There are 2 protein chains.
Amino acid sequence: MSQGSGKTPSKRPLTLRDVSEASGVSEMTVSRVLRNRGDVSEATRSKVLEAARALGYVPNKIAGALASSRVNLVAVIIPSMSNMVFPEVMTGISQILDDTELQPVVGVTNYKPEREETVLYQMLSWRPSGVIIAGLEHTEAAKAMMGAAGIPIVEIMDTDGEPIDSAVGISHRRAGRKMAQAIIDAGYKRIGFLGTKMPLDHRARKRFEGFTEILAKAGLEIADSEFYSGGSALAKGREMTEAMLQRNQEEPLDFLYYSNDMIGAGGLLYCLDNGIDVPGEIGLAGFNGIEFLDGLPRKLATMDACRVEVGRAAAEIIAKRVENPDAPGGEIITLEPSLEFGDTLKRKKKPL
Amino acid sequence: MSQGSGKTPSKRPLTLRDVSEASGVSEMTVSRVLRNRGDVSEATRSKVLEAARALGYVPNKIAGALASSRVNLVAVIIPSMSNMVFPEVMTGISQILDDTELQPVVGVTNYKPEREETVLYQMLSWRPSGVIIAGLEHTEAAKAMMGAAGIPIVEIMDTDGEPIDSAVGISHRRAGRKMAQAIIDAGYKRIGFLGTKMPLDHRARKRFEGFTEILAKAGLEIADSEFYSGGSALAKGREMTEAMLQRNQEEPLDFLYYSNDMIGAGGLLYCLDNGIDVPGEIGLAGFNGIEFLDGLPRKLATMDACRVEVGRAAAEIIAKRVENPDAPGGEIITLEPSLEFGDTLKRKKKPL
DNA sequence: CATGTATATGTTAACGCTAACAGATTTGCC
DNA sequence: GGCAAATCTGTTAGCGTTAACATATACATG
């Protein structure tokens, strides 16, 4: 047995015409039945559905989209799929879009602006109903394309800047400030920073900027910093932490701020393995609030970037604008990241 | 400033005709230039490209696909995005497709067969050039659709069964057997199993079957088992491990086999936290070979499911068949998962 | 210079579907 | 019974692009 369940294993793909002939009504009526649009008598409806099922007909959305100039796709353009943050955003987006006719299509840029431009071009060439794209920083060409596309654009994850149209996210600068303030308030003074070597991760950069800004106001500065790229983040967190603690033995650090929870977790495990008192001797904090932290021996301090919520809000904006095309647009939603102190960011015991 | 860089912020979307008029050649020639197809003089080529850029024209793939009946999309249908295994498969797929005209489109089923059927129907209605779908188990309707689609279908992750067309993956039954054998060879006897409560995760089921089969041959059986659903896998791994060890104190277990590395890691952390000697007092093993295991205090024994490689091989099959449509098909590639003993599956010291 | 070959451009007719409108049939109601 | 309204079905003409073929121009070659 090679293929098909029908009688003729025909090479020619099925069209509305086939269903129309099989059920004895016009193509238009078949189209109406298959889309639940307009009035069709119950008799013909079931006749048509029966014929369609029997033939194994699957409508051709390409043709449908062209004819109706409605393409129910939402382009979602994100830098990466592998760090757990964007899958969660996707979850939020799906939660909303699953209740609509809209379907997300994902493109990944690997944090490369020129790749983002290409992906965007590819996506727009499908004439989607909307675009959800990570970040506010894009090439001029990309911005121009989005501006001219005539569809709702939602830039997500970040609100520190000028969006093209709408934006949903948190202020990373503010997140950095908030964390710095909490660390200072807890009495830590010699602070190390560990992050990714990514000049193009603008959000990490903004957090860093906000962070140092507040330190500066308190007369402090980053005592040491270290950056990595590639490899297992957990293992890198370990290595970097070890290296940093080693080289600061004379004047030891009392806090380590990690640019993401994964390396933070690595650092935490390193400290515990080596009998370092956390948070007494040294405090730790990451960023993101990824769920797996719950299973760690001690809960890492972190800041939740509201990822699911960002996805939901972005999708909602698109859905609303698709339903009501002449709504205003330009909506900006700034979510407030919550700081979770966990077990690793606690006021040091005052000397008695 | 509201939108667009062009002169007329026209409402009507741009078409080939606009570029054609702007550059003074026929639509056909514009089409040829934009697709690099056929001979076009250097003069007109640049004239057209110039006009297209100036207008900000983006080709309409919907119309192009309909006219050429070539849709360069590959439908990728997977159960989940959130467990790190499918993102890696996606990486493999992208590695190959990035060198072709093909573009992946992802659909997520959440392990629900009826959802898989819907997603498949949606995908097929875009008339993709091929389908990559996880698993060999599908509803009858889904199988029929794929059989009748007339495009290459690659079922991935599993080769224990009858594929519709091609298949790439590992034998999970064999993986389970292999792990069981290694555990037995190492001298462990009282074995507990910890997994997900998912009757629809056929691959986990097959591993379990293979596992118990070999135990049976050695006159052993699973001493205890526990299943979870939802929540942070790492935390669940801890909890389940604790529960299981607690209730088997009289006749203690000496090995725990986890259905995935995440809960395995949780179990490992639990054991280490509680001063349990791993692998002397108790051995541990997971499944998958996820990269982050590298950062754990001790390396968990696991079995690599060759995820990137599976993605690459599947994409290659599709790419080959798209290039050469009358190639045979029906290819089946069984990869051999490698068993990594790590630090948690070691022959117990023989009593002196 | 006629003729063939390569190069460059244009013309026509789909691709499979749906919007918009036009008929046809039934129903309600005075 | 007659006429409007409601219900159902069909016809026509694209949607924006490309395949296939037709035409035009340049460039050799004997």
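Owing to the predicted nature of the structure, the values given are computational and were not obtained by experimental measurement. Every chain is numbered from 1 and lettered A, B, ... according to where its sequence line falls, protein lines coming before strand lines. Only heavy atoms go into these numbers, but all of them, side chains included; no hydrogens, no water, no symmetry mates.
In this structure, the helix from dC1(C)-dG30(D) to dC30(C)-dG1(D) shows an angle of 40° between the axis at its start and the axis at its end, each fitted on 5 base pairs and rounded to 10°.
Minimum atom distance to the side chain of Val40(B) is reached by dT9(C), of the listed dT9(C), dT18(D), dC17(C). Residue Arg32(B) has its side chain nearest to dG10(C) when only dC21(C), dT17(D), dG10(C) are considered. Out of dC17(C), dG10(C), dT17(D), the shortest distance to the side chain of Ala67(B) is found at dT17(D). Of the candidate nucleotides dT11(D), dG16(C), dT17(D), dG16(C) has the atom lying nearest to any side-chain atom of Pro13(A). Which of dT17(D), dG16(C), dT18(C) sits closest to the side chain of Tyr57(B) comes down to dT17(D). The side chain of Ser31(B) approaches dT18(D) more closely than any other nucleotide in the set dT18(C), dT18(D), dC21(C). The side chain of Thr29(A) approaches dG10(D) more closely than any other nucleotide in the set dG16(D), dG10(D), dA20(D). Checked against dT17(D), dA19(C), dG16(D), the side chain of Leu66(A) finds its nearest nucleotide in dG16(D).
Atom-to-atom, NZ of Lys47(A) to C1' of dT9(D) comes out at 11 Å; the value is rounded to the nearest Å. Atom pair Arg45(B):CZ and dT9(C):P shows a separation of 10 Å (rounding to whole Å applied). Note: CZ (Arg37(A)) to P (dC17(C)) measures 15 Å, nearest angstrom. With rounding to whole Å, Asp39(A) atom CG is found 7 Å from dC8(D) atom C1'. Taking atom CD of residue Glu27(A) and atom C1' of nucleotide dA19(C), one finds them 15 Å apart after rounding to whole Å. dT18(C) atom C1' lies 14 Å from atom CD1 of Ile62(B), rounded to whole Å. Rounding to whole angstrom units, CE of residue Met28(A) and P of dT18(C) are separated by 7 Å.
For Ser68(A), no side-chain nitrogen or oxygen approaches OP1 or OP2 of dC17(C) to under 4.0 Å. For the OP1/OP2 pair of dA19(D) and a distance below 4.0 Å, the side-chain nitrogens and oxygens of Arg35(B) include at least one atom meeting the criterion. Taking only side-chain nitrogens and oxygens, Thr15(B) never comes nearer than 4.0 Å to OP1 or OP2 of dC15(D). Side-chain nitrogen and oxygen atoms of Ser26(A) include none within less than 4.0 Å of the OP1 or OP2 phosphate oxygen of dT11(D).
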Can you give the donor-acceptor pairs under 3.5 Å from side chains of residues 64-75 of chain A to other protein atoms, not counting sequence neighbours?
unit_1, atom_1, unit_2, atom_2, d
Ser68(A), OG, Gly64(A), O, 2.9
Ser68(A), OG, Arg70(A), N, 3.3

